[in-house]
Amino acid sequence: MGRVEGKVALVTGGASGIGLSTANLLAKEGAKVVIADFNEAGAKQAAEDIKAKGFEASSVFLDAGQEESIKQAVQFTVDTYDTITVLVNNVGLTNLQKDLDVVNMDMDEWNRLINVNLTSVVLGSRFAIPHMQEAGGGAIINTASMAAYASDSIRTAYGTTKAAVTHLTRYIATQYGKDRIRCNGVAPGLIMTPAAEKNIPDTLKDLFLRHNALPYHGEGDDIGNTVLFLASDESKFITGQTIQVEGGHYLANPTTPDLNDLMQQ
Ligand SMILES: NC(=O)c1ccc[n+]([C@@H]2O[C@H](COP(=O)([O-])OP(=O)(O)OC[C@H]3O[C@@H](n4cnc5c(N)ncnc54)[C@H](O)[C@@H]3O)[C@@H](O)[C@H]2O)c1
């Protein structure tokens, strides 16, 4: 029996990267999975790939910036598989060109990221929770980021929305715990999704490795496996928590790599 056998999961942004890893792992462990994505063709292909392996999946178009579209994705899940018991709010955007420091950031981009990164999590949960109540319980897993905890010279909106997601996670956990609905989050550090692998220059990859406690990068399945655990009954007494999956990147005193170099001289 799979670790999430009998559960029905909606994964937003499931056509690529972390969402795709998550959808694959949930399906492999017995969940019926709906992959919802802006990239409709990619979502369809991902669902077909899962079905070709003998597991269950469907796909639906989602624009996480539009309330009606989120509502439709939840309804599609319920219409297809009778219920929704796992919601993975994975969609999240970042923009290195426009999401800058407080004085210089583009305010339209600030509003867009609040909408897509934060409001979409409220709305997905708002539409899914009544079905979970009817089903006798469920699990919501929100994708935050280590940017929720450590500030930076740019990406003000991204970090702020992700910090808000970790607190929203606590609110949902508090408000619906008695209905046996758990809400947890996962905070990835740098994860080498195929897109990140392609777009991040080697010098930046090396810089990240230098600051990781572990000698390797994170992969999509590292997040997917954490989501799988949080979706499964193995985590039935965990709620309101956001698990940091970041290779020890933020663990030590920031000067540790430099001190190590000094000590070797
Ligand atoms: N990759 C990392 O290093 C990293 C680190 C920290 C947090 N995260 C978070 O993990 C999540 C997934 O990141 P990823 O790196 O896998 O991203 P990705 O860009 O590889 O995939 C994101 C998916 O979401 C879809 N999408 C984008 N906008 C959408 C919208 N408005 N509506 C519906 N679908 C939309 C895309 O089509 C794509 O399939 C995000 O919330 C991101 O902030 C990623």
Side-chain angles (χ1 to χ4, degrees), residues 10-25 34-47 49 59-74 76 87-96 99 109 111-121 123-124 140-150 152 155 157-166 168-169 185-200 204-205 207-209 211-212 216-224 226-227 242-247 249-250:
L10 171 61
V11 181
T12 73
S16 63
I18 289 170
L20 179 59
S21 289
T22 301
N24 278 316
L25 287 163
V34 172
I35 297 173
D37 205 290
F38 206 74
N39 174 1
E40 206 172 358
K44 191 162 179 254
Q45 186 62 53
D49 291 347
S59 66
V60 65
F61 171 79
L62 170 72
D63 179 353
Q66 301 289 335
E67 177 169 352
E68 196 51 35
S69 181
I70 298 171
K71 193 177 192 175
Q72 282 170 9
V74 171
F76 173 85
L87 171 65
V88 184
N89 285 310
N90 167 72
V91 166
L93 301 178
T94 186
N95 186 328
L96 298 177
D99 181 12
E109 193 61 11
N111 287 322
R112 190 170 79 104
L113 293 199
I114 297 269
N115 191 36
V116 174
N117 292 5
L118 177 59
T119 307
S120 75
V121 180
L123 291 173
I140 297 173
I141 299 105
N142 299 325
T143 310
S145 163
M146 288 308 292
Y149 307 100
D152 214 331
R155 298 212 300 167
Y158 182 75
T160 303
T161 57
K162 293 299 189 178
V165 164
T166 65
L168 174 63
T169 297
V186 57
L190 178 63
I191 300 299
M192 281 300 155
T193 58
E197 189 67 63
K198 196 169 128 208
N199 297 328
I200 297 178
L204 196 54
K205 287 180 194 158
L207 184 73
F208 266 81
L209 271 191
H211 287 267
N212 284 359
Y216 43 83
H217 291 298
E219 298 169 357
D221 280 2
D222 293 316
I223 307 304
T226 308
V227 175
T242 296
I243 300 181
Q244 302 182 359
V245 184
E246 42 77 91
H249 188 83
Y250 297 81

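Only this structure's heavy atoms are used, side chains among them; waters, hydrogens and symmetry mates stay out. Because the structure is predicted, anything quoted here is derived from the model rather than measured. In listed order, ligands and their atoms are each counted from 1.
Remark: distances from the non-hydrogen atoms of Lys162 to ligand 1 include one below 4.0 Å. The shortest separation from a heavy atom of Ser69 to ligand 1 is not under 4.0 Å, leaving the residue out of contact. Residue contact check for ligand 1: Pro194 places no non-hydrogen atom closer than 4.0 Å to it.
With respect to atom 1 (N) of ligand 1, the closest heavy atom belonging to the protein is Ile191 O, 3.6 Å. What sits closest to atom 11 (C) of ligand 1 on the protein, heavy atoms only, is Asn90 O, 3.2 Å. Closest to atom 10 (O) of ligand 1, if we only count protein heavy atoms, is Thr143 CG2, 3.3 Å. In this structure, the protein non-hydrogen atom closest to atom 19 (O) of ligand 1 is Ser16 OG, 4.7 Å. Of the protein's non-hydrogen atoms, the one nearest atom 24 (O) of ligand 1 is Gly13 CA, 3.4 Å. From the protein, the heavy atom lying nearest to atom 5 (C) of ligand 1 is Gly189 O, 3.1 Å. For atom 36 (C) of ligand 1, the nearest non-hydrogen atom of the protein is Asp37 OD1, 3.4 Å. In terms of protein heavy atoms, atom 15 (O) of ligand 1 is closest to Thr193 CG2, 3.9 Å.
Within 6.0 Å of the NZ atom in Lys205, the count of heavy atoms belonging to other residues, nucleotides or ligands exceeds 12.
In this structure, the side chain of Thr12 engages the main chain of Asn90 through a donor-acceptor pair within 3.5 Å. At least one donor-acceptor pair closer than 3.5 Å links the side chain of Asp99 to the backbone N or O of Tyr158.
The option with the heavy atom closest to atom 42 (C) of ligand 1, from among Phe38, Tyr158, Phe61, is Tyr158. Which of Asn89, Leu93, Ile18 comes nearest to atom 28 (N) of ligand 1 through a heavy atom is settled by distance: it is Leu93. Proximity annotation for atom 30 (C) of ligand 1: of Gly65, Ala147, Ala64, Ala64 comes nearest, heavy atoms only.
By the definition of a contact as any protein heavy atom under 4.0 Å away, atom 17 (O) of ligand 1 is not in contact. Atom 8 (N) of ligand 1 is flagged as protein-proximal [any protein heavy atom, distance under 4.0 Å].
The line from OG1 of Thr161 to CG of Leu168 is 11.5 Å long, rounded to the nearest 0.5 Å. How far CD1 of Ile223 is from CD1 of Ile191: 4.0 Å, rounded to the nearest 0.5 Å. Residue Asp221 holds its CG atom at 10.0 Å from OG1 of Thr226, rounded to the nearest 0.5 Å. We find the CG-CD distance between Asn115 and Glu67 to be 9.5 Å, quoted to the nearest 0.5 Å. Taken from CG in Asn24 to CG in Asp49, the straight-line distance is 7.5 Å, to the nearest 0.5 Å.
The nearest pair of heavy atoms linking Val60 to Ala73 is CG1-CB, 4.1 Å. The two residues Ile18 and Pro188 come nearest to each other via the heavy atoms CD1-CG, 4.2 Å.
Looking at Ala36 next to ligand 1, no N or O pair under 3.5 Å apart turns up. Backbone and side-chain nitrogen or oxygen atoms of Ser145 are examined, and none is located within less than 3.5 angstrom of a nitrogen or oxygen of ligand 1. Between Gly19 and ligand 1, no pair of N/O atoms sits closer than 3.5 Å. Where the criterion is an N or O separation shorter than 3.5 Å, residue side chain and backbone included, Ala195 fails it with respect to ligand 1.
Counting heavy atoms closer than 4.0 Å to ligand 1, residue Ile223 contributes nothing at all. Heavy atoms of Ala196 found under 4.0 angstrom from ligand 1: none, in either backbone or side chain.
Listed by number with element, the atoms of ligand 1 under 4.0 angstrom from any heavy atom of Leu190 are 3 (O). Interface of Asp63 with ligand 1, defined as ligand atoms under 4.0 Å from a residue heavy atom, comprises 31 (N), 32 (N).
Annotation: side chain of Lys44 is not in contact with side chain of Glu40 (no heavy-atom distance under 4.5 Å).
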Intermediate values then yes/no, side chain to side chain contact (heavy atoms under 4.5 Å, CB included), Thr242 and Tyr149: CA-CA 11 Å; Thr242 296; Tyr149 307 100; 3.5 Å; yes
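Between Phe38 and Phe61, the two ring planes are tilted [angle within 30° to 60°].
Close placement of the Phe208 and His249 rings is indicated, their centers lying within 6.0 Å of each other.
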